[in-house]
There are 2 protein chains.
Amino acid sequence: MTQNQAKKISKSDRTRAHILEAARLLFAERGYDGASIRDVAAHASIDPAMVIRYFRSKDELFARAAIVDLHLPELRMIDRAAIGETLIRRFLEIWEGPASGPGMTILLRSAMSNDYAAEKLREVFASQVRPVVAAVGDPADAGRRAGLVSSQLLGLAMCRYLLRLPPVVALSHDEIIRNVGPALQRYVTEEDLS
Amino acid sequence: MTQNQAKKISKSDRTRAHILEAARLLFAERGYDGASIRDVAAHASIDPAMVIRYFRSKDELFARAAIVDLHLPELRMIDRAAIGETLIRRFLEIWEGPASGPGMTILLRSAMSNDYAAEKLREVFASQVRPVVAAVGDPADAGRRAGLVSSQLLGLAMCRYLLRLPPVVALSHDEIIRNVGPALQRYVTEEDLS
DNA sequence: TGCATTTGTCAACAGGTGTTGGCATATGAA
DNA sequence: TTCATATGCCAACACCTGTTGACAAATGCA
């Protein structure tokens with residue numbers, strides 16, 4: 001190894017990271033089918049064969065590129081009346097914040113036509129969204145409430161970031177918070193919705 | 001011609017319809033990329049070359065398959081307080097009603113990764129959704145309101161019919177009407193949302 | 001009947017795909 | 001230096017794609 005074993009950032013690790021970065025960019029922009037291994041390789045300035053050598057297949061590369069952690073806040077810790085606003089603010093950070101990665105774009109863009117991406121997105125819902133909603137209310141209701149919240153937020157993401165529907169793109173952050181926040185609040189906390 | 005000219009349902013018209021039907025089915029199930037011309041031809045029990053002869057290219061076939069008419073009701077004619085419920089009921093008819101075609105599924109499934117489908121979907125919004133909302137309120141607000149309504153309804157369609165998120169699939173029609181209806185109502189009629 | 005048009009099949013093209021194995025080079029330890 | 005290993009490129013594979021043109025069968029009018 002170069003230097004001592006502590007510095008494990010070998011050359012291969014760096015190219016591996018380059019490939020993954022290029023893959024995330026292209027999967028986000030064009031979806032699973034639209035981004036070919038040759039495209040990814042060209043973006044990473046490397047031979048297509050290397051992409052396969054580092055990640056055994058295109059599927060495995062996509063799996064690595066599509067890992068998502070939403071970092072949703074614990075809703076129990078905040079004022080119950082502020083849940084909707086909290087969620088929509090976190091939504092904007094995930095999609096437009098300084099630390100926002102293309103993870104959700106990758107998943108959402110491909111989930112409509114790729115079974116693996118769809119399954120991955122359902123997993124994100126089950127393991128990251130649903131539990132957060134379940135923590136602030138009747139757990140028996142959690143699925144429905146989390147599902148309604150997700151339908152609104154995924155729909156907003158779709159219209160604003162993928163479909164780029166002009167009036168939805170034009171919404172300011174404040175407008176989104178004021179308009180969508182209350183809708184989420186209602187889905188999470190409203191009592192009498194069988 | 002067979003018989004007289006009045007009967008224009010020639011054999012070619014019938015196979016043309018068969019091809020289009022197969023195309024609509026497969027585009028809806030697998031999206032633009034996932035449905036190959038050979039697949040469509042096999043489903044229509046005909047040679048792939050005929051698909052091209054009847055529709056000059058795959059793009060043109062998709063264009064024919066992706067024509068959508070939502071038949072949205074004129075909201076001016078109904079009670080202003082019932083707009084949300086009216087919209088969500090129409091939504092359920094479009095996606096699950098007896099006369100529901102795969103039109104919107106075709107468009108929505110491909111719009112995330114196909115530019116033409118995305119543009120077509122934006123056109124449906126601009127020509128069919130936005131005007132309906134504009135008819136019941138300040139036209140200056142119509143874009144934003146129609147955009148918010150669309151984000152919720154497209155998100156719901158995505159989660160229920162394409163992504164098949166279990167808790168959203170499990171919702172009954174009544175639950176959808178009671179939960180989503182008020183959210184739509186608010187988007188369309190709420191006054192003080194800059 | 002003959003004949004022109006319609007309707008269809010077949011084979012092939014040119015290009016793109018994921019993936020593989022062989023070979024070159026560079027690297028770093030001995 | 002010497003040599004094993006890590007890293008990379010190249011060419012090719014088998015397959016799938018949309019699309020085309022040549023040819024065959026069916027059809028319907030004269």
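Quick note on labels: first sequence line is chain A, next is B, and so on, each numbered from 1.
- Geometrically, A:Arg24 does not engage A:Phe62 in a cation-pi contact, judged by NZ or CZ lying under 6.0 Å from the ring centre and within 45° of the ring axis.
- A cation-pi contact, defined as under 6.0 Å to the ring centre and within 45° of the axis, is absent between B:Arg109 and B:Tyr32.
- What separates CZ of A:Phe55 from C1' of C:dT19 is a distance of 16 Å, to the nearest Å.
- A:Tyr54 comes within 4.0 angstrom of sugar-phosphate atoms only, judged by non-hydrogen atoms across all strands, and of no base.
- Distance CE (A:Met50) to C1' (C:dG21): 14 Å, rounded to an integer number of Å.
- The CD1 atom of A:Ile46 sits 14 Å away from the C1' atom of D:dC10 (whole-angstrom rounding).
- Under a cut-off of 6.0 angstrom, the local environment of CD in A:Glu29 is crowded, with over 12 non-hydrogen atoms contributed by other residues, nucleotides or ligands.
- What separates CZ of B:Arg14 from C1' of D:dA26 is a distance of 14 Å, to the nearest Å.
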Show the distances under 3.5 angstrom between N or O atoms of the protein and N or O atoms of nucleotides 18-21 of chain D.
residue: D:dG18; atom: OP1; partner: B:Ile37; partner atom: N; Å: 3.4
residue: D:dG18; atom: OP1; partner: B:Lys58; partner atom: NZ; Å: 2.8
residue: D:dG18; atom: OP2; partner: B:Ile37; partner atom: N; Å: 3.0
residue: D:dG18; atom: N7; partner: B:Arg38; partner atom: NH1; Å: 2.7
residue: D:dG18; atom: O6; partner: B:Arg38; partner atom: NH2; Å: 2.9
residue: D:dT19; atom: OP2; partner: B:Lys58; partner atom: N; Å: 2.7

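- Between A:Ser12 and D:dT7 there is a side-chain N or O to OP1 or OP2 distance below 4.0 Å.
- OP1 or OP2 of C:dG8 lies within a sub-4.0 Å distance of a side-chain N or O belonging to B:Thr15.
- Ion pairing between A:Glu96 and A:Arg160 holds under the 4.0 Å rule for side-chain N and carboxylate O.
- Salt-bridge formation is not detected for the pair A:Arg178/A:Glu175: no Lys NZ or Arg NE/NH1/NH2 atom is positioned less than 4.0 Å from an Asp or Glu carboxylate oxygen.
- Rounded to a whole Å, the CG atom of B:Asn114 is 16 Å from the P atom of D:dT17.
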B:Glu85 and B:Arg89: salt bridge (Lys or Arg N to Asp or Glu O under 4.0 Å), yes or no, with the steps? CA-CA 6 Å; B:Glu85 180 176 335; B:Arg89 284 188 186 278; 2.9 Å; yes

